[in-house]
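Below: the structure, in structure tokens.
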Amino acid sequence: METDKREWNEEQERVDGVVKEITKRIGSLQKRVEGIQSDIVDIRRDFWDEVTVNFEDTFEAAETMASIRQQAEVLSEQERSHQNAHQQLKTLARLKQSPYFGRIDFRAENDSFRESVYLGISSFVDSSGDNYMVHDWRAPISSLYYDYPPGPAQYQAPDGVISGTLDLKRQYLIRESRILSMFDTGVTIGDEILQKVLGQQADTHMKSIVSTIQREQNAVIRDTRHRLLIVEGSAGSGKTSAAMQRIAFLLYRYREHLKANQVVMFSPNPLFSSYVATVLPELGEENMQQTTFPEYLERPVGRAFTVEDPFEQMETILTTSGEPGYETRLAGIQYKAGLDFKALCDKYLSWLGTDGFVFKGLKFRGKVIMTGKTIKRQFYSYDNSISIPNRLRFLTEWILEQLKTEATRHLKAKWVEDEIELLDSDAYQKAYNKLRREGHYSDNSFEDAAKEREALAQMVLDDHFARLRKAVKHLRFLDVPAIYRQLFANPEISLRLVKAAELPAEWTEICKYTVARLDDKILSYEDATPYVYLKEQLTGIRQNTSIRHVFIDEAQDYSPFQFASIRQLFPHARLTVLGDPNQAIHVHSIGEADAFEDLSSLYPDGDTKTYRFTKSYRSTEQIVEFTKHILLNGQSIDPFHRHGPKPALTRAEDRYELMRQVAGRIDELKTRKHRTIAVVCKTQSEADEVHLDLRALGVENETVTRHTSAYRPGVIVIPAYLAKGVEFDAVILFDASDKQYSRDHERKLLYTACTRAMHELYVHYVQVRSPFLDNVPEAAYVLEEMQR
């Protein structure tokens, strides 16, 4: 309901009053920042003047260290104060532009006083420090705004549940301190505000739209009970937005115990990481750690292999259909992604406890001083009831002792004598000081010279053996690549561990393919997780116990094996996964099975909660109505009521005509002032060609690859599998023909590509369109002919 002019003026007067207070606070805080900055400069300039330096004796040295430490602590505290004040200034600057976006009037039970609560991105109190002019959207009382219509309502306060009556729920759109829109609303956040926000042009960074949080999103944001949250939602349903706001809520709620560096988000690619990187700072919080799953795999694999990433795997699968070995590769990817293969790996690990370990021999100065067989014999001499990691620790200690013995054999070797002659005066002084400290000097100069020579020889040997000892301590004598290869090089091992019926029919071919890749020093992406899992089980799991919350976006692309690995890597963390089974485009997820069923099995009953978002906010109603019919089960997707033109289908006779159509379409869209226009191709190789062809036609554009971390507004050419999670004002789908999109695993890729569009969608194809478009009702699109 629109408010009358008098009430509008009263509300604007309040905004003006709040902005005036914020401006005063900014002024005083800026003076404080300048003062702290001056103090920091003075401390740094005068640092050593304030420190008494004396290392002559132990007592004076201790005093010196204490003095340095004291000055460093003073400097560190001032720098922290400066950083906090600077962060407050940034938050106040945002509040000044838009102090709040919502208001609720709440009257608690048995209380005649009605409290007006204004919600913004951060709390703001008046100069007395007693009255809240703005409440943080994450505060307990703010949940009333998202969860209830006017009427009976309650919220969970620190002291218990507060019940009462919600008398008013009002929403604002405030920009540059002026109210642009204001109305009272009911259960859901008002469509008028949401339409205005969503109707804006797409940015190259994700917006933080806390004013448009819906009730189902709010439940996800504030859930603190469950260890595993699964958020399934259609494209554009606000999953990522809810995840970012959940992180901001957790950092606010547990600010005394939870820091941003204890939260990690697994993103699908560097482009997505850049896309969401500005959200938390906009909400007044530090950014959490971000990584991708391939980055997590790289370190433990090390230099043993070149690791294929998921996009290289995807590119191979999409471009080599029909070639020899294609079906074997598909079968291998699907089997190695599952928990059945993990079970085989676990049984293989048990078998390795009694046989099968492969060790590398140790060399010193080009000669083998300990063979792999000797190391293996020592390893299996330990009681096999001791865990493998512990036996490897015992083995490491034994090898280091053997190296000490080996070193003594070289004390009088000629090569050591030769190296002693090359030592500089510092080395001699170091040997002298060592012997003096240990009280080894006597009145016998001959004996002293012999001791000096022995000390120098030991220094030479320590230096030469240091690298070998380091390698031993890092278990580099353990040949993990050979151990992993052995599982495939000897298929009878797997048949000894599991029944033949439990292996894929193509197991023999899968083994041959895997061995060939490993011998070429290439670790296929489907092998990377099992390889790292096997290595960590052998050497001791690389657990990160400091992380408290893990977020996984585009989680439908993760395999059950990968989920199990993440569960072990972060044993103390709560997990929030967000995904859309309809966008499961990787080969291991072919089919209509529950993408998260195996994940739920990793957590005890009662520790898991699944939320489902069915309303799509990103795209116009016309685009959602078009795209949902591409799917086999898309009818449950509910479009938000924001209107735009129907998607258009355009046929081309050949690729030459297609290119000219796309170039003409881009020119047409530019006249409508769209900030972001994406030409979405099926593969990277196709995107690279289109990028060059468009430039030849005079169309400036950028191409996005798996290494791209950001892009500028304008025209970009991007493969469909890299566009996941990102949105554009207009999307031109390049060549949605039957030759491009007809296999089962390509249906969801086509859907994913189309759902990147916010306002306009154009589907171009050569001759015959994809059969996945046949189920789209004719009323849901227009057929166009273009002349160029």
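For E11, the salt bridge (charged side-chain N to carboxylate O under 4.0 Å, His left out) partners at least two apart in sequence or on another chain are R103, R170. A720 pairs by the side chain to side chain contact (heavy atoms under 4.5 Å, CB included) definition with V680, L749, A753, not counting sequence neighbours. Every side-chain hydrogen bond (donor to acceptor under 3.5 Å, both in side chains) that E702 has, sequence neighbours left out, goes to R712. In this structure Y155 satisfies the ring-ring contact (aromatic ring centres under 6.0 Å, His included) test together with F106, sequence neighbours excluded. Shown here are the side chain to side chain contact (heavy atoms under 4.5 Å, CB included) partners of V134, two or more places apart in sequence or in another chain: V18, Y100, F124. Residues meeting the side-chain hydrogen bond (donor to acceptor under 3.5 Å, both in side chains) test with H691, sequence neighbours left out: N701. Residues that satisfy the side-chain hydrogen bond (donor to acceptor under 3.5 Å, both in side chains) test with K239, not counting sequence neighbours, are absent from this structure. For R6, the salt bridge (charged side-chain N to carboxylate O under 4.0 Å, His left out) partners two or more places apart in sequence, or in a different chain, are E10. When the salt bridge (charged side-chain N to carboxylate O under 4.0 Å, His left out) test is applied to R769, the partners found at least two apart in sequence or on another chain are D774. D557 is linked by a salt bridge (charged side-chain N to carboxylate O under 4.0 Å, His left out) to K724, counting only residues two or more places apart in sequence or in another chain. Under the ring-ring contact (aromatic ring centres under 6.0 Å, His included) criterion, Y765 pairs with no residue, sequence neighbours left out. Every residue meeting the side-chain hydrogen bond (donor to acceptor under 3.5 Å, both in side chains) condition with Y611, not counting sequence neighbours, appears here in chain and number order: D223.
The pair E760-K646 does not count as a salt bridge, with every side-chain nitrogen at least 4.0 angstrom from each carboxylate oxygen.
Ring planes of F266 and Y558: perpendicular class, angle over 60° (limits at 30 and 60°).
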